[in-house]
Amino acid sequence: MPEKPRIMMFHEALAKRMATVLEGDFEVLAPREDEERMAWLEANGRGVRLLVVVGFDPVNGAVLDRMPDLRHIQVFGAGMDQVDLEELERRGVTIENAGDVHAGE
């Protein structure tokens with residue numbers, strides 16, 4: 001049986017909620033709140049193709065180095081101020097946000 005696609009999030013509580021929605025179809029990973037994020041990424045970042053972040057989560061070269069299989073980032077919300085867009089483009093990683101969700105009709 002093939003492995004479930006892996007989705008990574010940086011917030012344990014949010015990941016637990018997401019896992020209940022995606023149960024059975026995806027493996028949702030997140031560090032515990034007391035874990036150091038970069039060390040956790042070093043141990044768990046391989047094989048993850050989708051990263052879901054909130055606007056204040058930093059995504060830079062150091063994060064991306066630990067996620068060599070990453071192909072897409074989804075941002076909850078409109079802000080992407082903490083994401084190094086040039087580095088994503090250089091690595092061929094796509095990104096989308098939920099900007100239109102908050103826009104008026």
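Only heavy atoms go into these numbers, but all of them, side chains included; no hydrogens, no water, no symmetry mates.
Leu41 and Val63 make their closest contact through CD1-CG1, 3.9 Å (heavy atoms, listed as atom of the first residue, atom of the second, distance). Minimum interatomic distance between Glu36 and Ala39 (heavy atoms only, all atoms of both residues): OE1-N, 2.6 Å. Closest non-hydrogen pair, Asn97 versus Met80, comes out as ND2-CE, 3.7 Å.
With values rounded to the nearest 0.5 angstrom, Leu85 atom CG is found 5.5 Å from Ile95 atom CD1. Of the inter-residue distances, the one linking Leu88 atom CG with Leu64 atom CG reads 5.5 Å to the nearest 0.5 angstrom. A distance of 10.5 Å separates NZ in Lys4 from CZ in Phe26, rounded to the nearest 0.5 Å. Note that CZ of Arg66 is 12.5 Å distant from CG of Asn44, once rounded to the nearest 0.5 Å.
Looking at heavy atoms from C-beta onward, Pro5 lies out of side-chain contact with Arg49 at the 4.5 angstrom threshold. Leu14 places a side-chain heavy atom less than 4.5 Å from the side chain of Val54. With contacts defined as side-chain heavy-atom distances shorter than 4.5 Å, the pair Ile73/Val59 qualifies. Looking at Glu87 and Asn60, their side chains never come closer than 4.5 Å, going by heavy atoms from C-beta outward.
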May I have the list of side-chain donor-acceptor pairs in residues 18-25 shorter than 3.5 Å, sequence neighbours left out?
from: Thr20; atom 1: OG1; to: Arg17; atom 2: O; distance (Å): 2.6

Checking side-chain contact (heavy atoms from CB on, under 4.5 Å) for the pair Met67/Arg46: CA distance, chi angles, key distance, verdict? CA-CA 5 Å; Met67 302 182 74; Arg46 294 195 175 280; over 6 Å; no

side-chain contact (heavy atoms from CB on, under 4.5 Å) between Ile7 and Val52, intermediate numbers included: CA-CA 7 Å; Ile7 297 174; Val52 179; 3.8 Å; yes

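A salt bridge is absent between Arg90 and Asp84: the closest approach of a Lys/Arg side-chain nitrogen to an acidic carboxylate oxygen does not fall below 4.0 angstrom. The pair Arg6-Glu27 meets the salt-bridge criterion, since a charged nitrogen lies less than 4.0 angstrom from a carboxylate oxygen.
The backbone N or O of Glu12 lies less than 3.5 Å from a partner atom in the side chain of Glu33, making a donor-acceptor pair. No donor-acceptor distance shorter than 3.5 angstrom exists from the side chain of Asp57 to the backbone of Val53, with no hydrogens or angles considered.
Within 6.0 Å of CD in Glu86 there are 12 or fewer heavy atoms belonging to other residues, nucleotides or ligands. Under a cut-off of 6.0 angstrom, the local environment of CD in Gln82 is crowded, with over 12 non-hydrogen atoms contributed by other residues, nucleotides or ligands.
Every side-chain contact (heavy atoms from CB on, under 4.5 Å) that Ala15 has, sequence neighbours left out, goes to Met9, Val28, Ala30. Listed by chain and residue number, Arg32 satisfy the salt bridge (charged side-chain N to carboxylate O under 4.0 Å, His left out) test with Asp34 (two or more places apart in sequence, or in another chain).
Stacking of Arg37 on the aromatic ring of Phe10 is recorded, both the 6.0 Å distance cut-off and the 45° axial limit being met.
Aromatic rings of His11 and Phe76 (six-membered ring for Trp) have centroids beyond the 6.0 Å cut-off, not under it.
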